[in-house]
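In what follows, chains carry the letters A, B, and so on, assigned in the order in which the sequence lines appear, proteins first and then strands, with residues in each chain numbered from 1. What you see below is based on every heavy atom in this structure, not just the backbone, and it leaves out hydrogens, waters and symmetry mates.
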Amino acid sequence: MELLLAQSVIEPGLTHFLVVSAILFSLGVMAVLSRRNTIMVLMGVELILNSANINFIAFSRFTELSLDGQMIALFVIIIAAAEAAVALAIVLNVYNRFKTINLDDISLLKG
Amino acid sequence: MELTTILFYLFSLITLGAAAFMVFSKNIVHSAFALMFALIGVAALYVLLYADFLAATQLLVYVGGILILILFGVMLTSLGYTFNFKTVTVNLAPASLLSATAAVLLIFAFVTTDWKISEIAEPTDTVYDLGMLLMGDYILPFIVAGVLLLIAIIGAILMSTHLSAENREGV
Amino acid sequence: MFTQLPLIILLLPLLAFILLIFFGKRLPRQGDWLATGLMTLTLFLSLILLVVKLGTQPAETISSSFNWAIVGSQVIGFGIMIDNLAAVMLVVVTLVSTLVHYFSMGYMKDDTRYSRYFAYLGLFSFSMLGIVLTNNILLMYVFWELVGVSSYLLIGHWYEKKTASNAANKAFIVNRIGDFGMFVGIMILFLSYSTFAFEAIFESISAGQLPFGSEGWLTAAGILIFCGAIGKSAQFPLHVWLPDAMEGPTPVSALIHAATMVAAGVYLVARVFPMLTADALLVIAYIGAITALIAATIAITQFDIKKVLAYSTISQLGYMIMALGVGAYTAGFMHLVTHAAFKAGLFLGAGSVIYGMHAALHKLHNHHTDAQDIRNMGGLKSKMPLTYWTFLIFTLAISGIPLTSGFLSKDEILAGTLAFSTLNGHWLLPLTGFLVAGLTAFYMFRLLILTFHGKPANDQVYSGVSESPKVMTIPLIILAGLSLFFFYSFNPFGATSGWFYGAIERPESMVPLILQPAAYPVFYEAVSSVHTLAMILSIIIAGGGVVFALAVYHWKKVSADALAKRAGLLYTGSVNKWYFDEFYDAAFVNGTHGLMKMLRWFDENIIDGIVNGSALITKVLSRISGWIDNNVVDGLVNGTATTANKAGGLLSHVQTGKVQTYLVYVIFSFLVLFVLFL
Amino acid sequence: MVEHTLYSIGQYLPEIVITATLCIIIVADLFIKKESNTTGWILIAGMLIAGYFTILQSGRAESVFYDMVAVDPFAVFFKSVLVLAGLFIVLFSMNSLELESYKSRIGEYYMLIAGMMLGMMMMVGSTNLLLMFLALEVTSICSYVLVGFTKRSIRSSESSIKYIIYGAVSSGVMLYGISLLIGVTAATDIYAINEAINAGIDQTLILNLAVLMIIVGFGFKIAVVPFHFWAPDVYEGAPVTIAALLAVASKIAAFGMMVRFFSVTFIDSAGFTSAGVWSAIDGIHWDVLLGGMAALAMIVGNLTALMQDNIKRMLAYSSIAHAGYILMGLVILTSEGLTAILIYLFIYLFMNLGAFYVAMLFMNKAGTESIEEYKGLGFRAPLAAIALTIFLVSLTGIPPTGGLIAKLYIFGAAVSAGWIWLVVIAGITTVISLFYYIRVVRNMFFYKPEDNTPQLTFDLMSKVILIALLVPTLLLGIYFAPLLEFARNSISMIGF
Amino acid sequence: MEFQILGIGILTWIVFIPIVGMFVVLLLPDKNRNAIRWTAAIATGIQVTLAGVIFTVFDRAKLGINDAESFQFIEKYSWITVEAVPWVGRIEINYFLGIDGLSVLMIILTAIISFIGVISSWNIEKMVKGYFALYLLLVTGMMGVFVALDFFLFFIFWEVMLLPMYFLIGLWGGPRREYAAIKFFLYTFVGGILMLLTMLALYFSVAYTDPVTGQSVHTFNILHMMNPANYVEGGLLSGVDTTWRYVAWMALFINFAIKIPLFPFHTWLPDAHVEAPTPISVILAGILLKLGTYGLLRVNFPIFPDGTIYFMYFMAILGMISIIYGAFCAMAQDDFKKLIAYSSISHMGIVVLGIAALNTQGMVGGVLQMFNHGIITAVLFLAVGVLYDRTHKRGLYDFGGIANQMPRYTGLAMIGMFAALGLPGLNGFVSELFSFLGAFEAYKWITIISVTGIIITAGYILWTIQRVFLGNTPEKMGRLEDLTPREMLMFVPLIVLIVFLGVYPAPAIELMNSSLGYLVEFVTNGGN
């Protein structure tokens, strides 16, 4: 066990990257769930997408997946850009109507 | 200790630290800049994973594009009425509990799993291979991504322009 | 002739009924002539039938039947059976019915539903004849119930009076209770023998086939069928309806509640006699005895002329039943016949008196005096001589004074009970018999004296009373004639030698030997050995009763009030009819009411409540009905509506409208699912 | 390589036509008068052509674009259904009073619908996880904008922001799941993944995690409990045409993708031919998980629908419940189950669109979405009210309507596969659903309108659309053999 | 096949004539009320005529039940057939109509009561068009159930009745009509779902071998479901005396028990009856309730003989409770209609008791009781309706002395009441007699307790007669007009039937005797 731990500290393998991505994912989730500001939430989403991308690229290096993983990551970046554009446009629209971007206050629809 | 190992820990630390700062910072502008550092850290990690093209794209698209967009968003929505970059948190207890649990579970899963590793050699030129893939196997997603961007742009314009202005034009 | 004639006899009254019910109001004189005419015709045909039957085929049983229905592989036949019993009964029924028709033409003259009344009489006669003629216990049950319904209609003839409709209901329902037993009995028989026909059933029994293979079931079947008789013949404990039934018009009381319908029970027992086991017969005998005693003790203290007669009827029916029970078959049946004549006469006589009283009271515009209370009468002898003399003859007959028909039959019954006790040691039966004979003589003479002798209670009324019209008195005279001995036997002290005893013989018992009552020869021997003793005793006791009645009410040697006081509780009990009605009210009527109220509550609150209450449905129904109808106050529904709102609030609470809360749920669900699947 | 690309383009005509239509609309929008419906007609024409090409594809079974896209009966079925739904939605939109004041932007509106059509048609045909995700995103991004299209409505804006945040997070989680699945199997193609799984996978924990995360994404798209929370708020806020689009088309597409994903990826390819039943691999009980979700969806959807007063919201919960019923078919994963899904979706298309359409008509004419205010509408607009009654009765599942047939098959499949507890829950919740559906009917017919309220009249086109939806709803309840045949032949996916 | 009109079988005609009528009604203008009424009358009148033809031509000797050959007026067309795909057998739904001794009487009853119902609906003035359209649809549903031999078809007809009934009660009913309507709907729908599930389970467990192609075909054919040989190996409901078969039996039983309605599933009935307009009450009590017992006999008994035998006592006890309980509850009512509603529960209990006996007498008695109760209760509800039309009251205490005011009405109504009370000479007695006879053979004490029900029945009927017809007229009631010719027209045929079948039931009994005898044999032999 100790040996395994020492080894894994020394050489960054697949697991290391995955652990990083896991923490990043959790931080993204944390941001999404806890920040009132819509833009903060969107930033959290970016973290989640990035964590997935780390996975893809890590797999592309450490498994037979090879370049396919990078390919997917590339598309994910594109998608993230598109999503961010639309999301921010919507945020602006909401801001015009509600005069706030605090998600907490945007809750007319319920029940 | 090899250089890559040191770099890995360094960039990981930068990435996660920046991300954590972003998540917990009270000031939204600080958060945005923290996000930038996190994204740069991720790009560096890509380099460690032999994905240099991706790293470049990450810097260009994310740091150059998305982040700017976000900053614009911050400015537009914080200006006008009051200068207020402060943001508050909700659901703090459940959110931290859930994300901590998620982290623990994921790490547990990753650590305990016996991965089938087949490391690839350091490629000489990923850009070429990626370009061939993009024009070959991935031609369809490539085109669709183009369409997606088109739609997104039109959608974003649609959502962000003021309707009231058009009303004045008598539409 | 034996197939068509009975059918014609049966259907003529039905024809009368149908014609009158549809066209009665449009016929001249509302069609009373039609009904009476058809009934008279029926009487003649019945007489012809009787004469021919006795003359040509006295020993035969003639029956014919057709297939009514086929169920599964079982053929259910209906048909007609003529034996001597039926032939005699036929004449009794038609005769009394005819006379009542005539009498009613006078008595009911001004009634608002005159034609309806005659129609119902026709229906009744039809049903009664059906009982007599059928060869089949199911068909008998059918007519049995029809008799019940026509009786219901006739008792309730003056339905504007609450008491009348109550009495009608009571009569029907109490009879239904008896019929319930009879129905079960019929079911037992049918399931054991696959037939309803009497003869086929008897044959199977004599072949040793027992219902469900058990002797107990045979006894039970007999007793259950006898339950029908208990109801219809007003035996203890179902006798309570008969006195109330006096709410009907008096001729109806004469026809139905004295002479024919109530005798149907006796006829039924006579019909099924061959299948009755010794045990069943013993039960029957005791029921009869108890009835006779109870009714007689009540009759002593009543003041309503019809009530006295009603209780006397019950008592006499008890006699008949007791007679059949002990095996004095012919005597019992003969008492039925003789009793039909004199009791019908008594009722018609009473009707005549009431008619006279009514007319007198009507003239005085006196509506509060009870025309039927004998305390309001007295001394009517001179005003209504024909009525008085016939009434006297009837009273003598019922009291069992020699030279009357009643003496003949009653004497034989008493002899029968005495013989029975010598054979079996059931000495309570003859004891009761003799006691009741004395009581009968006493209360009948009390009635006679209080009504016709002594001083009038109210001179004004008295002066207004006059003799009834001919159409009413002639039937009385005819019946009086029929109450004399020579119609039944030329020997005034013994009926056994008369034609009646020749025609009606006790049938052989079909039940297995160990269950049989004493064989007829044995029994007959016992009877003849005690006959003289019984006769002497009965004359003495009856005479004693008469003398005592004279002493109390005519000569006033003994004060009736003092007697009553001395009797104490016995008197109170008797006046209050031994509290049967009160007991039944408390136990059964109130019990039923309570039960039904309880069940209704149960149904509306528990069953419906459970249905509504099963969580969701309550909520939904209550909400929906809340929307539906805000005006209808519905405690249940309103009560649950609020809880429903709370539950609804709980569910909607999840949907906070805050997207991050939703995301918390999502991540939470994801983690939970993951842990579950780990 | 180029040959294959060119050949593939020939096999991809429906999607290409839609893309072309999309571009034409963008261009046309610049030139034509803003108030006209021209762009709408262009879209209709495009969809008709796409539909035509789709029909031409029937019976074919091949893989194009380097095994990324399947052209098989399954895809053809879904594409035709989607085109049908799209046609109706466009027709609705032309009639919608709500959109009337946004005429200046109607070109963008139809463009986005075209984009959504493209995304949905790709969703049902993709066999590659990347393309699946991409298609999903195309659909989603279009729908985010469409939900917020009526910008003057504050509710519309709110629903769009909720929708995009919910959607972005869900797809993020899904993407993470996809990354794990790809990593563990080292393949992006679902057939390859299936092969890898059948060859034996040791990392079942990761596999579980991955599929669970993917289910989050699917669950969001089909709006099934516990991932359904967005649906009521979004349906209520969105324009009714878009609500209908989301409730019907997007759900159908998501189901198509989900069915393909699950039935291809987790099939036991050894047991498949012999046993005649598709079975997921050992040790993983996705069926139980999905079954639980289906049950929850039926219970929560139906119970919460009871409390609603807004008809769109009520229909949202009802569609959550229906997602539960449909999911039952997937839980079973037999050919009967899949057939039942197709039948259900087909019928669901007509009855749910019908219900939304009448709701829209009433909103146009009577100006209300509140069920309470439907009182007396049965007398003011008999035809529409009767039509709505039939649609709702069909949604309940009472004969002689198509809804019964849908339920019949889904229940039947479940019974035959022995999922009795699930069927019992489905039965009970069906009874519950009766209440909220019938409540609308009651309000329409059991109350007299006030004396001076005018009759509602509808133009010819509305009536034609109504009848066009009504006839299949009724007809499929009486004679459904062709549909059955169609569905039965359509469950065959490429490779099976 | 021999009886065709215009190439279409007589059963199709009798089922779908009302639908034709419905379309005609829908096409007629709203204003033309009389034309609408006459259309309905003609449509149902044709049904009566066709029922008469069926009655005349019907071969009394043929057995039916499980033998397709001996059903009569068979019409069988393929409705839905999907050819086999590799791993599933061919599936089949047929348009399969036919009648045997069990259904023929019910068809006649439906035709008669529907026709009378139209006459009684003549004075409906509110939304005439909608009313008659729904009414005719309802009639088709009811008639269809009685002739369908394919379970799916049976189910469709069964459920088709729901909606018209819901509207008929909900739109034309009394003050609490909506509550009653939804309650009715809910109950029946619950039953319908149970039946649906059981039907599906049966469908997947039953497959017969097509004699032509040799394929194994899953089928909804009820007759095939009766044949134990047709159950596939390992099917949910295959085998004998398995738990699932009992569950399926129970599910179906609950469905039918709700319709009958049997204690404790009865509480929808009083509400529905009280709130429904008179003609609908007549239909409800006259026909609809019979669907429940008919279903038991057509479906439960022959398909699940094992379950039937297993639950015999259970059925009998529920029957007994219904008889007594219904009677007591009836006695406790102050509302005339409610009283009759509860009396229906009591009388339908007799049917259940009779058929639960599993012998011919009981079966014949039960089915005859279905018919007779249909007629009698129709009379009673019509009677209430007549009074309600005149006074707008239904409380028993609101009336009195009707006999003086309306003698003709009183006469006819009293015959109906006496028939309900089981008076010999009227039809109610005959069927009760056979029911009890049959039941007594099987269950001594249960039957004896049940028979006490007739005493209670006598009690509440007489009490009602006393309160309504007898006594003096309350002053506030005012003068009432006796029956009009139209009202006579609806009473007289029923009364004639009551008396005729009471005196001579053989024509009715012989229609069903052989079929029911065979059914008993079939069930007691465990379906062989």
Can you tell me how far [atom2] of [Y] sits from [atom1] of [X], rounded to the nearest 0.5 angstrom?
| X | Y | atom1 | atom2 | value |
| --- | --- | --- | --- | --- |
| Y50(B) | S60(A) | OH | OG | 10.5 Å |
| L106(B) | S21(A) | CG | OG | 7.5 Å |
| L48(B) | I57(A) | CG | CD1 | 11.5 Å |
| S66(A) | D129(B) | OG | CG | 9.0 Å |
| I77(A) | I66(B) | CD1 | CD1 | 8.0 Å |
| Y46(B) | R61(A) | OH | CZ | 15.5 Å |

Which pair of heavy atoms, one from A31(A) and one from M22(B), lies closest together, and at what distance?
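Taking every non-hydrogen atom into account, CB-CE, 4.0 Å.
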Under a 4.5 Å heavy-atom cut-off, does chain B meet the side chain of [X], its backbone, both or neither?
| X | value |
| --- | --- |
| S51(A) | neither |
| F17(A) | both |
| L47(A) | side chain |
| E83(A) | neither |
| A87(A) | neither |

Do you know which of [options] has the most heavy-atom pairs under 4.5 Å to chain A?
| options | answer |
| --- | --- |
| V42(B), L149(B), T57(B), L16(B) | L16(B) |
| L134(B), T4(B), D137(B) | L134(B) |
| A93(B), S96(B), S12(B), G65(B) | S96(B) |
| A102(B), A152(B), P94(B) | A152(B) |
| A103(B), P141(B), G73(B) | P141(B) |

Relative to chain A, which segment of S25(B) carries a heavy atom at a distance below 4.5 Å: side chain, backbone, both, or neither?
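Contact with chain A is through the backbone of S25(B) alone.
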Please flag which part of F72(B) lies under 4.5 Å from any non-hydrogen atom of chain A: side chain, backbone, both or neither.
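Neither part.
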Which one, [options], leads in non-hydrogen pairs under 4.5 Å with chain B?
| options | value |
| --- | --- |
| V32(A), L65(A), I78(A) | I78(A) |
| S34(A), A73(A), A22(A), G28(A) | S34(A) |
| V91(A), L88(A), V29(A) | L88(A) |
| T15(A), V94(A), L18(A), I90(A) | L18(A) |
| D68(A), L42(A), T100(A) | D68(A) |
| V19(A), N96(A), N102(A), L103(A) | N96(A) |

Can you list the steps and then say if L35(B) with M40(A) is a side-chain contact (heavy atoms from CB on, under 4.5 Å)?
CA-CA 10 Å; L35(B) 177 64; M40(A) 285 296 299; over 6 Å; no
For residues [X] and [Y], determine if any side-chain heavy atom of one lies less than 4.5 Å from a side-chain heavy atom of the other.
| X | Y | answer |
| --- | --- | --- |
| F11(B) | V20(A) | no |
| V86(A) | I151(B) | no |
| W115(B) | T63(A) | no |
| Y62(B) | N50(A) | yes |
| L74(A) | Y138(B) | no |
| R35(A) | I28(B) | no |

Which pairs with one or both residues in residues 30-45 of chain B pass side-chain hydrogen bond (donor to acceptor under 3.5 Å, both in side chains), sequence neighbours excluded?
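Passing the test, one end in residues 30-45 of chain B: no pairs.
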Please assess L133(B) against Q70(A) for the test side-chain contact (heavy atoms from CB on, under 4.5 Å), listing each intermediate value before the final yes or no.
CA-CA 11 Å; L133(B) 273 179; Q70(A) 293 195 23; over 6 Å; no
Take L92(B) and L33(A) through the test side-chain contact (heavy atoms from CB on, under 4.5 Å) and record every step on the way to the result.
CA-CA 8 Å; L92(B) 203 56; L33(A) 296 187; over 6 Å; no
Pair N53(A)-Q58(B), side-chain donor/acceptor within less than 3.5 Å:
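Q58(B) and N53(A) do not have a side-chain donor-acceptor pair below 3.5 Å.
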Using a cut-off of 6.0 Å, state whether more than 12 heavy atoms not belonging to F33(B) lie near its atom CZ.
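At most 12 heavy atoms, drawn from other residues, nucleotides or ligands, come within 6.0 Å of this atom.
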If you take the centroid of each ring, where Trp contributes its six-membered ring, are F75(A) and F142(B) closer together than 6.0 Å?
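They do not qualify: ring centres at least 6.0 Å apart.
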